[in-house]
Participant: 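One structure is given below, represented as structure tokens, and several questions about it will come after.
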Amino acid sequence: MDKLHIYNTLSRQKEEFEPIKEGFVGIYVCGPTVYGDPHLGHAKSYVSFDVVIRYLRYLGYKVRYVQNITDVGHLTDDADQGEDKLEKQAAIEKLEPMEIAEKYTYNYFRDMDALGVQRPDISPRATGHIIEQIEMVKKLLENGHAYETDGNVYFDVSSDEDYGKLSGRDVEDQESGARIETASDKRSPEDFALWKKADDGHIMKWPSPWGKGYPGWHVECSAMSTKYLGEHFDIHGGGMDNQFPHHECEIAQSEGAFNKPFANYWMHNNMVTLEGQKMGKSLGNAISLHEFFSGDHELLNRAWDPQIIRFFLLQSHYRSTTDFSEEALAGAENGLRSLQEMINTINSAENGSANAYDLKSLRTSLESKLNDDFNTAQAIAVLFEELKTIRKQINSGDIPENIADVKEFLRSFVDDVLRLWPQEDQSSTGDDKTHDLIELLIDIRNNARHEKNFELSDTIRDRLEELNIKLMDSPEGTDYKIVK
RNA sequence: GGCGACGUGGCCGAGUGGUCAGGCAGAGGUCUGCAAAACCUCCUACGGCGGUUCGAUUCCGCCCGUCGCCUCCA
């Protein structure tokens, strides 16, 4: 595809992307509720959208990326009965709710940084936008889409003909089988809370025209996306599990308050399983990202470099489910290393004089893959094939005359967009003394080899390998690399 | 019960109505004192049963299975 196409959940098909304002993209992605450490599901979602953002920028768009931090209003249970997740965790950890929010916001960014996820341009907190949320609720009341009962304000779903258009649901069909525990003051079970009255035990509460209370979960996204991206913007993203009810409610609120379309394109990433099973605390397999990075979990045999997890995720499509297992990750690790070896070889090639490599077709081919709803899996396949070809040329001594352009392009694509560039100068690599010492040992070993003292030469090689220093002989001499 | 997605070779995973995904693992070979790396070659799958078609893994129907949502979740 020569133009960017995005699968739009609203239409259930791929559509050519056309921004509202030429050259600019406003995108909102649902962020985390900060009451626990991020896990593989977060990784899938935010790595997926990271590539979306990076690729939009690569294409030359000026992007404003907004991703909320939910620190109030998200309930543990039924939207009417549950406890606030932050307050519940605060009780467990014996901390203030805002301490919980700070702690897990910190952990969230720490782990996302490790995965190479670019930070959003704006990370608005729900608690920092109570006024905006109250204003939004007032508008909905004025427009007849909401009603107040005894300090609670609910959205009146029956007032919105379009309700269900995103998730393809028909409100009337939802009753049977679903657990219904309607709060007594709601007119209809599908109505949802915009503002909740706080009882005395509630810590996080604010004054409002309806008394002291706190905002409903869905309204924060409507209020904050509007504040930073406008009432009508380009792309809204999030996990598939949020399609209903969260995103459906956002649309209802925003379109009900402003009487204009909300987001043009809705993107949803698919879910993650672990060894074929859904992850969940009750199943005992909810491993946090931090535990993956450190290997510190009883279900894990070893630590997994964040970049391996990123690569593994990008090898599948964001709209497919991803099943994690250590076996699959090990395969991904070898694949990633081999890809990065190719990049290193190409990147260290000197200027050449052989026929130019057809960079334009590589570029076109890679772009066409990402233009097709961000098909990173195919883009990576193209990279494997093409980089292998380039390396072959370099190894045979025919370095293309445009090798500098090739390097520059790889930087912009593999590093800036996919973020799979080889990690440079890790730990001991950059140390000059270490380098000199290894070279010294290589010299000694090569002398031994000339004298056919293979016992000594092999000892040197084996002992270095024990130190994770791998020697590679070639007709041009001996090279080494430090492996992790 | 309702809505939706999916089922690809040992593993992970794209994709398509009729020549190829790709990666990992494995096998053989070239090179090497040996190994590693690199290079060459091989391993040719599409849940089951029907239907449409000259031809289906790709379209349709049914069945089986897995997963998601319908209630908090990326």
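So you know, we letter chains A, B, ... as the sequences are listed, proteins then strands, and number each from 1.
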Participant: For B:rG33, what is the paired nucleotide under Watson-Crick or G-U wobble rules, both distances under 3.5 Å?
Facilitator: none
Participant: Rounded to whole angstroms, how far apart are CZ on A:F312 and C1' on B:rG22?
Facilitator: 14 Å
Participant: Please give the nucleotide sitting opposite B:rU44 as a Watson-Crick or G-U wobble pair, both distances under 3.5 Å, or none.
Facilitator: none
Participant: Does the aromatic ring of A:F454 sit over the six-membered base ring of B:rG33, closer than 5.5 Å centre to centre and tilted less than 30°?
Facilitator: yes
Participant: Between B:rG23 atom P and A:R310 atom CZ, what is the distance in whole Å?
Facilitator: 21 Å
Participant: Confirm from the modelled atom types if A:R391 and B:rC39 form a donor-acceptor pair under 3.5 Å, side chain to base only.
Facilitator: no
Participant: Over how many whole Å does the gap from A:F244 atom CZ to B:rA5 atom C1' extend?
Facilitator: 18 Å
Participant: With both distances kept under 3.5 Å, what pairs with B:rC49, Watson-Crick or G-U wobble?
Facilitator: B:rG61
Participant: Passes side-chain hydrogen bond (donor to acceptor under 3.5 Å, both in side chains), A:Y28 versus A:N68? Steps please.
Facilitator: CA-CA 8 Å; A:Y28 186 93; A:N68 60 292; 3.1 Å; yes
Participant: Mind checking whether A:L115 and A:L289 have side chains closer than 4.5 Å, heavy atoms only?
Facilitator: yes
Participant: For RNA chain B, whose closest nucleotide is more 5', that of A:A328 or that of A:E385?
Facilitator: A:A328
Participant: Would you please classify the geometry between the A:H268 ring and the A:W266 ring as parallel, tilted or perpendicular, with 30° and 60° separating the classes?
Facilitator: parallel
Participant: So, is A:R449 close to the B:rU32 phosphate, meaning a side-chain N or O under 4.0 Å from OP1 or OP2?
Facilitator: no
Participant: Does a side-chain N or O from A:N375 land closer than 4.0 Å to OP1 or OP2 of B:rG15, or not?
Facilitator: yes
Participant: Report yes if a side-chain nitrogen or oxygen of A:K392 is closer than 4.0 Å to either non-bridging phosphate oxygen (OP1 or OP2) of B:rC40; otherwise report no.
Facilitator: yes
Participant: Given that both distances must come in under 3.5 Å, which nucleotide forms a Watson-Crick or G-U wobble pair with B:rC24?
Facilitator: B:rG10
Participant: Can you measure A:E327 atom CD to B:rC24 atom P for me and round it to whole angstrom units?
Facilitator: 14 Å
Participant: Please work out if A:N270 contacts a base, only the sugar-phosphate, or nothing of the nucleic acid, heavy-atom cut-off 4.0 Å.
Facilitator: base
Participant: Identify, between A:K470 and A:G41, the residue whose nearest nucleotide on RNA chain B lies closer to the 5' end.
Facilitator: A:K470
Participant: Does B:rA5 have a Watson-Crick or wobble mate here (both distances under 3.5 Å), and if so which one?
Facilitator: B:rU66
